[in-house]
Amino acid sequence: MIFRMSFLTNPGLGEAAHGPRHLRLQPTWEKPGLGEAAHGPRCLRLQPTREKPGLGEAAHGPRHLRLTRGMEAWVLGAYGQLEEGSLGRKLGYTFNNRNFHNVSLGQGQEVVAEAALDLAAKKGHWVILQNIHLVAKWLSTLEKKLEELSASSHPEFRVFISAEPAPSPEGHVIPQGILENSIKITNEPPTGMHANLHKALDNFTQDTLETCSREAEFKSILFALCYFHAVVAERRKFGPQGWNRSYPFNTGDLTISVHVLYNFLEANAKVPYDDLRYLFGEIMYGGHITDDWDRRLCRTYLEEFIKPEMLEGELTLAPGFPLPGNMDYNGYHEYIDAELPPESPYLYGLHPNAEIGFLTQTSEKLFRTVLELQPRDSHVGDGAAATREEKVKALLEEILERVTDEFNIPELMARVEERTPYIVVALQECERMNTLTREVRRSLRELHLGLKGELTMTSDMENLENNLYLDTVPEPWARRAYPSTAGLAVWFLDLLSRIKELEAWVGDFAMPSTVWLTGFFNPQSFLTAIMQSMARKNQWPLDQMALQCDVMKKNREDFRSPPREGAYVHGLFMEGARWDAQAGVITEAKLKDLTPPMPVMFIKAIPADKQDCRSVYACPVYKTCQRGPTYVWTFNLKTKENPSKWVLAGVALLLQI
């Protein structure tokens with residue numbers, strides 16, 4: 001969410017100059033705080049009210065708020081912009097009038113911003129400075145300039161600034177002086193499908209619905225677009241299972257899509273469904289998307305919502321919510337109130353487990369934050385400090401005792417007769433493991449000496465001590481390790497299991513009967529080795545090969561030897577659905593079983609043109625539930641359902657949970 005604030009150099013711009021303003025956003029005061037009588041309320045919640053249908057100033061901001069007598073503020077638009085078409089034009093501040101200056105800050109734009117501020121302060125113009133977090137070194141200069149201009153500027157001079165929220169307290173770069181002298185306003189998006197769908201529809205009017213000569217097609221696709229917009233905006237609350245990455249979808253994407261829809265319907269005899277889906281999914285909304293799997297999700301939504309069946313009354317946007325027929329503007333709002341099912345993951349195509357997982361992660365994050373807020377000062381109490389230090393020492397000694405010696409790489413290489421792709425992978429994994437365990441031992445021994453007073457405690461040693469106490473993986477370890485979301489205790493046990501697996505493999509360099517795919521630093525290297533081995537054996541070009549995945553019905557214990565070609569792998573989990581071992585297909589997940597384990601899988605390499613792509617779901621494989629950059633491979637899994645169902649459900653295979 002973009003953090004927006006407006007800086008007013010002079011609290012004027014009142015009713016005397018421009019007349020009273022009609023307010024559609026009603027401030028709701030929270031509990032009165034200290035000094036509110038003198039300085040006004042500390043917190044307000046913006047609640048949009050729909051007094052009459054129409055594309056008005058309440059539809060898509062900026063919105064006018066009256067905070068205290070003689071002082072006004074503005075809620076900025078989706079990108080922290082004052083929209084010229086609504087507020088600026090009404091008050092006479094537009095680009096055409098040359099009294100509205102919009103500066104997007106970045107390299108070399110500081111001079112442009114200073115020139116705009118000087119001119120605006122002299123002439124009484126408006127200035128918006130976007131993304132000031134990108135010019136942290138210039139902000140002290142900005143603070144001084146605003147202080148100078150506030151003393152002798154034109155009474156109509158206004159400055160609006162926008163910045164993204166800092167990822168951590170250490171990342172706060174905006175000077176305190178600017179924050180104290182600004183009116184800070186955040187425009188929170190609506191929560192829930194009901195509010196999002198109403199807000200999406202609020203961007204249009206009855207006149208909008210009647211503009212197109214092909215009214216039935218236009219209304220149906222427009223409502224489907226509103227539902228699509230609400231879905232993609234609200235789906236991010238489900239975390240990585242919703243979207244691999246977070247995207248700034250905004251009302252501008254929706255309104256411009258409707259303009260495109262109008263133009264295409266007026267220019268074509270038939271509804272160009274393919275063209276519309278491409279424009280909406282690859283350009284309007286897809287322009288924000290950077291992840292290929294998220295792009296597939298966006299495309300699948302549009303394929304489900306915008307298709308010829310929508311004009312025949314046979315399209316269902318969600319279970320229990322069919323696409324409405326031809327109605328007027330108020331009728332659509334009433335239809336939403338009456339027919340939209342209660343809020344649930346089903347409205348987004350997800351399984352209810354997605355909400356359980358999201359709420360669980362939120363709770364864990366909250367408790368982690370509470371734990372980190374505990375006092376750490378050694379002067380708080382001798383007993384508490386001693387207990388803390390004793391715990392750290394005990395854990396430190398246990399890890400040092402249990403971590404194994406490094407692999408002897410020269411000795412291992414000397415035992416190798418032929419460096420096959422599998423052996424190369426094993427040696428690479430040993431080298432990576434040595435790098436990690438070497439850092440673990442070094443840092444722990446250093447901290448041990450520091451706790452005994454034989455070394456001066458450094459900031460790195462203090463951070464390591466805090467990590468050990470709070471059960472989090474130290475950053476230097478995580479940087480040399482594999483992606484993981486586990487706490488330190490679970491992470492260390494997992495590390496020992498990986499070492500044990502490697503030791504068993506390099507003991508005689510014989511392929512294990514079933515390979516623990518999770519145990520690799522780089523699982524892609526092992527999967528690539530499967531293709532390389534087959535390519536060398538059959539003289540096939542490597543770039544024309546693919547992996548075929550067959551899910552077995554036997555348990556891991558039933559496999560006594562590896563296959564002649566390919567490999568048996570285990571240790572994967574499915575999120576968003578489960579595997580039906582009897583039917584051999586993907587099926588609905590069981591409630592509260594968030595990540596059921598997968599059976600043993602047989603992976604082998606085949607020519608790419610011989611892949612069977614019928615009735616399969618292209619399932620992405622990730623290292624952790626964070627997905628995104630932890631992508632490993634794509635396995636084609638059999639399904640009786642339409643693959644789009646599993647795309648919308650965010651089904652994926654995970655190597656760790």
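The residues of the chain are indexed from 1 along the displayed sequence.
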Trace of the ring-ring contact (aromatic ring centres under 6.0 Å, His included) decision for Tyr227 with Tyr348: CA-CA 10 Å; Tyr227 190 86; Tyr348 310 90; 8.0 Å; no
Intermediate values then yes/no, side-chain contact (heavy atoms from CB on, under 4.5 Å), Tyr631 and Val621: CA-CA 6 Å; Tyr631 170 75; Val621 182; 5.8 Å; no
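- Of the possible donor and acceptor atoms, one in the side chain of Ser344 sits under 3.5 Å from a partner among the backbone N and O of Tyr346.
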side-chain contact (heavy atoms from CB on, under 4.5 Å) between Ile306 and Leu225, intermediate numbers included: CA-CA 8 Å; Ile306 300 178; Leu225 271 175; 4.2 Å; yes
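- At most 12 heavy atoms of other shown residues, nucleotides or ligands fall within 6.0 angstrom of atom OH in Tyr278.
- In terms of heavy atoms, Ser484 sits closest to Gln656 at OG-OE1, 3.4 Å.
- Note that CG of Leu261 is 12.0 Å distant from CG of Asp275, once rounded to the nearest 0.5 Å.
- Environment of CD in Glu312: crowded, with over 12 heavy atoms of neighbouring residues, nucleotides or ligands closer than 6.0 Å.
- Between Leu572 and Phe635, some side-chain heavy-atom pair lies under the 4.5 Å cut-off.
- Side-chain contact of Gln626 with Thr485: a donor-acceptor pair under 3.5 Å is absent, judged by distance alone.
- Two residues are said to be in side-chain contact when any heavy atoms from C-beta on lie closer than 4.5 Å; Ile586 and Lys638 fail this criterion.
- Here the closest non-hydrogen pair linking Ala649 and Leu350 is O-CD2, 3.3 Å.
- Interatomic distance, CH2 of Trp579 versus OG1 of Thr587, reported as 10.5 Å (0.5 Å rounding).
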Test side-chain contact (heavy atoms from CB on, under 4.5 Å) applied to Leu547 and Leu527, step by step: CA-CA 8 Å; Leu547 289 181; Leu527 297 173; 3.8 Å; yes
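- Counting heavy atoms from C-beta outward, Phe358 and Ser363 have side chains that stay 4.5 Å or more apart.
- Under the 4.5 Å side-chain criterion, counting only non-hydrogen atoms from C-beta, Glu588 is not in contact with Arg578.
- More than 12 non-hydrogen atoms from other residues, nucleotides or ligands lie less than 6.0 angstrom from CG of Asn268.
- In this structure, the side chain of Glu309 does not engage the main chain of Leu315 through any donor-acceptor pair within 3.5 Å.
- Checked by atom type and distance alone, the side chain of Asp593 never pairs as donor or acceptor with a backbone atom of Ala589 at under 3.5 Å.
- For the pair Val616 and Pro643, the tightest heavy-atom approach, listed with the atom from each and the gap, is O-CG, 3.5 Å.
- For the atom pair OG1 (Thr639) and CG (Asn636), the distance works out to 11.5 Å, reported to the nearest 0.5 Å.
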Tyr285 vs Tyr247, ring-ring contact (aromatic ring centres under 6.0 Å, His included): CA-CA, chis, key distance, verdict: CA-CA 9 Å; Tyr285 286 86; Tyr247 303 108; over 10 Å; no
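- Note that CE of Met545 is 11.0 Å distant from CG of Asp609, once rounded to the nearest 0.5 Å.
- A side-chain donor-acceptor contact under 3.5 Å links Arg236 to the backbone of Ala233.
- Asn102 and Gln130 are linked by a side-chain donor-acceptor pair at a separation below 3.5 angstrom, with hydrogens and angles left out of the test.
- No more than 12 heavy atoms of other residues, nucleotides or ligands sit less than 6.0 Å from atom CZ of Arg614.
- Proximity of a side-chain donor or acceptor of Asn203 to a complementary backbone N or O of Leu254 within less than 3.5 Å is not detected.
- Taking the six-membered ring for Trp and thresholds of 30 and 60 degrees, Phe305 and Phe228 have ring planes more than 60 degrees apart, a perpendicular arrangement.
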Audit row: Glu303, Lys645, salt bridge (charged side-chain N to carboxylate O under 4.0 Å, His left out) steps and yes/no: CA-CA 12 Å; Glu303 289 171 355; Lys645 175 178 180 177; over 6 Å; no
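- Remark: side-chain polar atoms of Arg295 are paired, donor with acceptor, to backbone N or O of Ile289 under 3.5 angstrom.
- Relative orientation of the His333 and His198 rings is parallel, given thresholds of 30° and 60° on the angle between their planes.
- A donor-acceptor contact shorter than 3.5 Å links the side chain of Arg214 to the backbone of Ala269.
- Across all non-hydrogen atoms, the minimal contact from Leu637 to Met574 is CD1-CE, 3.7 Å.
- Across all their heavy atoms, Pro596 and Ala577 have their closest contact at CG-O, 3.6 Å.
- The side chain to side chain donor-acceptor pair (under 3.5 Å) test with Tyr301 singles out one residue from Arg235, Arg296, Arg277, and that residue is Arg235.
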Worked check of side-chain contact (heavy atoms from CB on, under 4.5 Å) between Lys640 and Ser615: CA-CA 6 Å; Lys640 291 181 179 179; Ser615 300; over 6 Å; no
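- From Leu222, atom CG reaches atom NZ of Lys219 across 10.0 Å, with rounding to the nearest 0.5 Å.
- Two residues are said to be in side-chain contact when any heavy atoms from C-beta on lie closer than 4.5 Å; Leu594 and Phe573 fail this criterion.
- Under 4.0 Å is where a charged nitrogen must lie from a carboxylate oxygen, and between Glu282 and Arg299 at least one such pair does.
- Side-chain atoms of Asp253 and His288, non-hydrogen and from C-beta on, do get closer than 4.5 Å to each other.
- Separating the CE atom in Met310 from the OG1 atom in Thr316 is a distance of 11.5 Å, to the nearest 0.5 Å.
- Between the side chains of Gln548 and Asp550, at least one donor-acceptor pair of N or O atoms lies under 3.5 Å.
- There is a side-chain donor-acceptor pair under 3.5 Å between Tyr622 and Asn244.
- His229 has its ring centre no less than 6.0 Å from the ring centre of Phe249.
- Using a 4.5 Å heavy-atom cutoff, the side chains of Leu317 and Leu347 are not in contact.
- Defined by atom type and a distance below 3.5 Å, a donor-acceptor pair is missing between the side-chain atoms of Asp207 and Thr205.
- Under a 3.5 Å cut-off, the side chain of Tyr329 and the backbone N or O of Leu201 do form a donor-acceptor pair.
- Under the ring pair (Phe, Tyr, Trp, His ring centres under 6.0 Å) rule, Phe526 has a single partner from Phe521, Phe520, Trp633, which is Phe520.
- When all heavy atoms of Thr630 and Pro483 are compared, the closest pair comes out as CG2-CB, 4.0 Å.
- Asn131 places no side-chain N or O within donor-acceptor distance of the main-chain N or O of Leu134, the cut-off being under 3.5 Å.
- You'll find the side chain of Glu575 stays beyond 4.5 Å of the side chain of Val651, heavy atoms only.
- At least one donor-acceptor pair under 3.5 Å links the side chain of Asp294 to the backbone N or O of Arg245.
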